Protein chains: 2
Amino acid sequence: MEKSSSTTTFEQHLEKRYGQVGEEKRMAFEAKAKAFAIGELIKEERRLSNMTQEQLATKTGTKKSFISRIENGKSDIQLSTLYRILELGLGKKISFTIE
Amino acid sequence: MEKSSSTTTFEQHLEKRYGQVGEEKRMAFEAKAKAFAIGELIKEERRLSNMTQEQLATKTGTKKSFISRIENGKSDIQLSTLYRILELGLGKKISFTIE
DNA sequence: TGTAAAGTTAACGAATAATGGAACAAAAGA
DNA sequence: TCTTTTGTTCCATTATTCGTTAACTTTACA
């Protein structure tokens, strides 16, 4: 069920999570859904690394409560936070694709 | 000189801008350099779209001064800001790759 | 050259992310 | 079931982005 490594567009995440919806409705929760999608990605990677939220938190110098909020898309995090979690915490390389 | 569309890792951006450097030195300015790299990406895309900072700012509901700060890596922006600029402002789709 | 357009920087409040702690809920194991 | 681990939510405080104006610098071009 877990993907081991992936390129995931936000649209794909939306699709996977909410299914096909109208363009208008989509716009409504897009921002929230995107934050959620990033969180989902982090959660997946963390689990693949066999880490608890607390371990990830310790490694990135924060607390498990913060990790939880991020994974559940409840925080509009800064780019540096994203890097810290993914690279420092999970040892992953992250890159952007713009098209 | 301008790339029309691209997948760019932060490392590639670092290489392009600072050349090969020692691992320790790199760590020192990594965060700053990454913010800068994102800014560079945005600047490239904006220029390819033949827009001024002011036009981009208007389109995304902010001011040119803020766009300038972002493009020059002086602000550790939030994810929502990144989407707003790239998608709403420049009509680009952005996706992440984690490896 | 001079002038206007485009871009940069500083400074300021307002909004909000980041942080830490604690209490609670859910999941996993014995 | 009981116990422990793991994860979630809430609260208060601190730190920083965001939005904005204004002044300054650089670039473009007649």
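Quick note on labels: first sequence line is chain A, next is B, and so on, each numbered from 1. On a predicted model such as this, the values are computed, not experimentally measured, just so you know.
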Specify the separation, in whole Å, of atom CD of B/Glu54 and atom P of D/dT21.
12 Å
Contact under 4.0 Å: A/Thr81 side-chain N or O vs C/dA18 OP1/OP2:
yes
Would you kindly give the CD-to-P distance between A/Gln55 and D/dT5, to the nearest whole Å?
13 Å
In whole angstrom, give the distance that lies between atom CD1 of A/Ile38 and atom P of C/dA17.
15 Å
Round to a whole Å and report the spacing from CD1 of B/Ile67 to P of C/dA6.
15 Å
Determine yes or no for a side-chain-to-main-chain donor-acceptor pair under 3.5 angstrom, with B/Ser49 supplying the side chain and B/Glu45 the backbone.
yes
Is there a donor on the side chain of B/Lys64 or the base of C/dG7 sitting less than 3.5 Å from an acceptor on the other?
yes
Base D/dG19 to side chain B/Arg69, donor-acceptor N/O within 3.5 Å cut-off
yes
Here the distance between atom C1' of C/dA5 and atom CE of B/Met51, to the nearest Å, is 16 Å
Just list the side-chain donor-acceptor pairs under 3.5 Å for residues 52-62 of chain B, sequence neighbours left out, or say none.
| residue | atom | partner | partner atom | Å |
| --- | --- | --- | --- | --- |
| B/Thr52 | OG1 | B/Glu54 | N | 3.4 |
| B/Thr52 | OG1 | B/Gln55 | N | 3.1 |
| B/Gln53 | NE2 | B/Glu71 | OE1 | 3.0 |
| B/Gln55 | OE1 | B/Thr52 | N | 2.8 |
| B/Thr58 | OG1 | B/Glu54 | O | 3.0 |
| B/Thr60 | OG1 | B/Leu56 | O | 2.8 |
| B/Thr60 | OG1 | B/Ala57 | O | 3.3 |

What integer distance in Å separates A/Phe66:CZ from D/dT13:C1'?
15 Å
Is A/Lys74 near enough to D/dT9 that one of its side-chain N or O atoms lies under 4.0 angstrom from OP1 or OP2?
yes
Any side-chain N or O of A/Arg47 under 4.0 Å from OP1/OP2 of D/dG7?
no
Within the pair A/Asn72 and D/dT8, is there a side-chain N or O less than 4.0 Å away from OP1 or OP2?
yes
Tell me the interatomic distance from B/Leu56, atom CG, to C/dA6, atom C1', rounded to whole angstroms.
13 Å
Check whether any side-chain nitrogen or oxygen of B/Gln78 sits under 4.0 Å from OP1 or OP2 of C/dT16, and answer yes or no.
no
Closest nucleotide of DNA chain D for A/Glu71 versus for B/Thr62: which of these residues is on the 5' side?
A/Glu71
A/Leu79 side chain reached by B/Gln78 side chain, heavy atoms, under 4.5 Å:
no
Regarding B/Glu99 and A/Lys92, does a basic nitrogen lie under 4.0 Å from an acidic carboxylate oxygen?
no
Ignoring the backbone of B/Ser75, work out which of D/dT17, C/dT19, C/dT8 is nearest its side chain.
D/dT17
Quick check: any donor-acceptor pair below 3.5 Å linking the side-chain of A/Ser65 to the base of C/dG21?
yes
B/Arg46 has an atom CZ; how far is it from atom P of C/dA6, in whole Å?
10 Å
Considering all heavy atoms, the nearest B/Leu90-B/Ile42 contact:
CD1-O, 4.2 Å
Which part of the nucleic acid, if any, lies within reach of B/Thr52 when heavy atoms closer than 4.0 Å are counted: base, sugar-phosphate only, or nothing?
sugar-phosphate
